[in-house]
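See below for the structure under consideration.
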Amino acid sequence: MDEVLKVHAEALGIETLEVEVMKVYSFSEARQNFAAVLDNAQKEGAVRIMRRDGNLYYPVGGG
């Protein structure tokens with residue numbers, strides 16, 4: 001969040017909320033673009049992979 005906006009919100013007594021957005025790839029898209037998925041995960045911190053049945057998977061890295 002923009003720090004200036006956060007300071008003004010706090011001065012006005014407005015509670016702020018930060019939301020993390022993750023890229024969601026279909027299983028097929030992840031399989032076809034695996035290197036890009038890994039690059040995005042490294043850059044953004046996390047990605048999700050969704051199967052056709054709707055199940056979501058959050059790959060966990062070893063650090």
Side-chain angles (χ1 to χ4, degrees):
M1 173 179 285
D2 181 4
E3 288 302 314
V4 173
L5 180 60
K6 190 173 181 178
V7 168
H8 286 293
E10 289 175 1
L12 294 170
I14 299 171
E15 184 177 347
T16 59
L17 176 67
E18 294 190 33
V19 178
E20 184 177 323
V21 177
M22 281 188 245
K23 173 74 175 163
V24 178
Y25 294 92
S26 70
F27 180 82
S28 295
E29 184 181 17
R31 186 181 63 231
Q32 292 170 5
N33 302 298
F34 194 64
V37 172
L38 294 178
D39 289 344
N40 189 280
Q42 185 175 24
K43 185 174 84 172
E44 301 296 328
V47 296
R48 291 187 240 181
I49 299 173
M50 183 169 50
R51 292 179 57 165
R52 284 187 198 157
D53 62 10
N55 286 328
L56 283 171
Y57 297 88
Y58 303 81
V60 179

To the nearest 0.5 Å, tell me how far [X] [atom1] sits from [Y] [atom2].
X	Y	atom1	atom2	answer
Ile49	Phe27	CD1	CZ	8.0 Å
Ser26	Arg52	OG	CZ	8.5 Å
Thr16	Glu10	OG1	CD	5.5 Å

Scan the side chains in residues 29-42 for donor-acceptor partners under 3.5 Å anywhere in the protein, sequence neighbours excluded, and list what turns up.
| unit_1 | atom_1 | unit_2 | atom_2 | d |
| --- | --- | --- | --- | --- |
| Asn33 | ND2 | Glu29 | O | 3.1 |

Could you pull out all residues at least two apart from Ile14 that satisfy side chain to side chain contact (heavy atoms under 4.5 Å, CB included)? Ala9, Leu12
With sequence neighbours left out, write down each residue that passes side chain to side chain contact (heavy atoms under 4.5 Å, CB included) with Met22, or none if nothing qualifies. Glu20, Ala46, Arg48, Tyr58
Determine whether Lys6 and Glu18 satisfy the following criterion, side chain to side chain contact (heavy atoms under 4.5 Å, CB included), listing intermediate values before the conclusion. CA-CA 10 Å; Lys6 190 173 181 178; Glu18 294 190 33; 3.5 Å; yes
If you apply the rule side chain to side chain contact (heavy atoms under 4.5 Å, CB included), what do you find for Val47 with Val24, and how did you get there? CA-CA 6 Å; Val47 296; Val24 178; over 6 Å; no
Measuring only between side-chain heavy atoms, which start at C-beta, is Met50 closer than 4.5 Å to Tyr57? no
